[in-house]
Asks: 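Here it is, the structure, as C-alpha cells.
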2 protein chains.
Amino acid sequence: MAKAEVAIRRRAPSKKSLETKARILDAAETLFARRGFDGTSVRDIAKLAGVQVALVHHHGGPKEDLFHQVISRRAKPLSDLRLTALESLKSAGEGLTVRAVLACFVEPFLDRTLKDEAPWRAYGRLIALVSADERWREIAADCFDPTAAVFVDELSELMPEATRLQVSSAFVFMVSGMLALTASSWRIGAVAQSDDAADLSGTLLDFCEAGFSSVCGGANPSA
Amino acid sequence: MAKAEVAIRRRAPSKKSLETKARILDAAETLFARRGFDGTSVRDIAKLAGVQVALVHHHGGPKEDLFHQVISRRAKPLSDLRLTALESLKSAGEGLTVRAVLACFVEPFLDRTLKDEAPWRAYGRLIALVSADERWREIAADCFDPTAAVFVDELSELMPEATRLQVSSAFVFMVSGMLALTASSWRIGAVAQSDDAADLSGTLLDFCEAGFSSVCGGANPSA
DNA sequence: GTCTATAATGAGATAGAC
DNA sequence: GTCTATCTCATTATAGAC
C-alpha cells in the first residue's frame with residue numbers, strides 16, 4: 001500500500017511546485033527572446049528565475065529541450081485563439097472576406113505581443129527568432145504549421161483562381177510583416193523619425209489585403 | 001632612412017596578404033550567417049579560414065568588431081547598386097512608378113542573395129539576422145538606414161498624400177518580405193508543399209505595389 | 001524537489017618567438 | 001604577418017547530500 005502510494009505520487013504530474021517550473025520557463029522565455037538561444041546561458045536563466053542552476057536542468061532537461069518547451073507552451077493557446085476567431089467568423093454567415101480571415105490570424109497575435117504584458121511581448125520576439133532560423137525548423141513545423149495550413153486552405157477557398165503557391169507566398173509575406181511589427185517595429189520609427197503610436201495592426205491588414213488581392217486575384221501564370 | 005622605410009611600410013594599407021583578411025571575413029560571414037553571432041566561435045572561423053586563432057584576432061580585432069566588418073564590407077557595394085539603379089530610373093525620364101522604385105531597392109539584393117554565389121546568399125541571411133535583432137541597431141543604422149531614407153524620400157514624393165509614417169510602415173513591410181525570401185523562403189515550400197522555383201521576386205513586387213497603393217494612396221488619418 | 005560541489009569542455013583574448 | 005603556447009573565465013551537465 002505504501003508502495004502504491006509512492007507509485008501514485010510518482011505518476012502525479014506535480015504538486016504546487018510546478019510553479020517553480022513556470023518561473024523557470026518565464027525566465028527562459030525572457031532571456032531567449034532578448035539574446036537568442038546561444039546568447040543565453042542556463043546560468044542567466046537560473047539567476048533570473050531565482051533558482052539554482054541544477055534546478056533548471058532538472059525541470060527543463062538539456063538546453064534545447066528547455067527552448068522547445070518555452071516555444072510550445074504558448075503555441076497551443078495561440079492556435080486556439082486563432083482557430084476560434086476563424087470559426088466564429090465562419091459561423092457568422094456573412095463578412096467572410098480575405099481581410100477578415102487575415103485578421104483572425106494576425107490580431108490574436110498582435111493584440112498580445114504589442115499591447116499586452118511582457119511575457120507575450122517576449123514570446124512574440126521569440127517566434128520571430130524561431131521563424132527566421134532554419135535551425136528551429138522542426139519546432140516551427142510542430143507548433144505553427146498546422147494552424148497556418150488551415151488558414152491557407154481557407155484563403156484558397158476564398159480565392160479559387162489562385163494557385164497554392166501564390167497563396168502561400170502571400171501568406172509568408174504577411175507573416176513576415178506581422179513578425180516585423182513585434183520584433184523590429186523600432187525600424188519604422190528609425191526610418192520615419194516619428195514616434196506616433198499608430199494603428200500598426202490596421203496598416204498591416206490594409207497592406208496585406210491589397211497584396212493578396214493583387215497576387216491571388218488575377219491570372220494563372222502556368223500552362 | 002631605414003626608419004622612414006619602416007614608417008612607410010607601416011602606413012601602407014597592406015601587401016598581398018590582405019587576401020588572408022578576406023579569407024577570414026569570408027569564413028566569418030559564412031558562419032555568422034549560419035549560426036548567428038553567439039553561435040559562432042572565433043575558433044570555428046579560424047578553422048574554416050585555415051588560419052590560426054590569433055590571426056583572426058589580429059585582423060578582425062574583438063569579435064564584435066569582426067562582425068561589424070563583415071556586415072559593412074558588402075554594404076557599400078549594395079547601396080551603390082541600389083542608388084545607381086534609382087538614378088538610372090530617374091534619368092530615364094519616364095516609368096518612374098512606385099513599383100519601379102521598389103524594384104531598384106529589392107532586385108539588386110534578391111538577384112544576388114537568391115541566384116548568385118554562396119557569399120551573397122550568406123550575406124542575405126546575415127542581414128535578415130541583423131535586422132531582426134535590436135542589439136545590432138547601430139550597425140544597421142550605419143550601413144542601411146541612409147539608403148533606405150533615400151528611397152522613402154523618393155516614394156514620399158511619388159505619393160504626396162501619404163504621411164511619412166505610412167510610407168515608412170509600408171517600407172518596413174516590404175523589407176521584411178524581402179528578407180523573408182532570402183532567409184526563410186523554405187517556409188513557402190513548407191506551407192505550399194510545392195517545390196516550384198517561381199518568380200518570387202516578382203510576386204513580392206506585385207504584393208508590395210498593391211500594398212503601398214492601399215496604405216499610401218488614400219485618406220489622411222489624422223487631424 | 002532542492003541544494004552544493006565539481007566535472008569536463010570550450011570560449012575570447014594576449015604575449016612573445018620567428 | 002604568422003605561429004605556438006597559455007591565461008582566464010564561462011559554459012553545460014551531472015553526482016550525490018539533504
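Here is the naming used below: chain letters follow the sequence lines, and residue numbers restart at 1 for every chain. Everything numeric in this text was worked out from a predicted model, so none of it was measured.
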Asks: Separation of L55(A) atom CG from dA5(C) atom C1', in whole Å?
Replies: 16 Å

Asks: Would the distance check show the side chain of R23(B) and the main-chain N or O of E19(B) forming a donor-acceptor pair, the cut-off being under 3.5 Å?
Replies: no

Asks: Calculate the interatomic distance between D44(A) atom CG and dT11(D) atom C1'; express it in whole Å.
Replies: 10 Å

Asks: A54(A) side chain: which of dT14(D), dA11(C), dA13(D) is closest?
Replies: dT14(D)

Asks: Using whole Å, what does the distance between atom P of nucleotide dA10(D) and atom CD1 of I45(A) come to?
Replies: 17 Å

Asks: Can you measure F32(B) atom CZ to dG12(C) atom C1' for me and round it to whole angstrom units?
Replies: 12 Å

Asks: Rounded to whole angstrom units, what separation is found between the NE2 atom of H57(B) and the P atom of dT4(D)?
Replies: 16 Å

Asks: Can you find a donor-acceptor pair, distance only, under 3.5 Å between R43(B) side chain and dG12(C) base?
Replies: yes

Asks: With respect to the phosphate group of dA11(C), does any side-chain polar atom (N or O) of S41(B) fall under 4.0 Å of OP1 or OP2?
Replies: yes

Asks: Would you kindly give the NZ-to-P distance between K21(A) and dG1(C), to the nearest whole Å?
Replies: 10 Å

Asks: Rounded to whole angstrom units, what separation is found between the NZ atom of K47(B) and the P atom of dC3(D)?
Replies: 16 Å

Asks: Do the side chain of R82(A) and the main chain of C104(A) share a donor and acceptor less than 3.5 angstrom apart?
Replies: no

Asks: Please confirm whether the shortest side-chain N or O distance from T20(B) to OP1 or OP2 of dG1(D) is below 4.0 Å.
Replies: no

Asks: Any chance you could measure L31(B), atom CG, to K47(B), atom NZ, to the nearest 0.5 Å?
Replies: 10.5 Å

Asks: Where does the angle between the aromatic ring planes of F67(A) and W136(A) fall among parallel (under 30°), tilted (30 to 60°) and perpendicular (over 60°)?
Replies: tilted

Asks: Quickly work out the I24(A) CD1 to dT2(C) P distance and round it to whole Å.
Replies: 8 Å

Asks: Kindly point out which of dT4(D), dC3(C), dT2(C) is positioned nearest to the side chain of Q52(A)?
Replies: dC3(C)

Asks: Go through dG1(D), dA15(C), dA13(D) for me and flag the one nearest to the H58(B) side chain.
Replies: dG1(D)

Asks: Within a radius of less than 6.0 Å around CZ of R34(B), do more than 12 heavy atoms belonging to other residues, nucleotides or ligands occur?
Replies: no

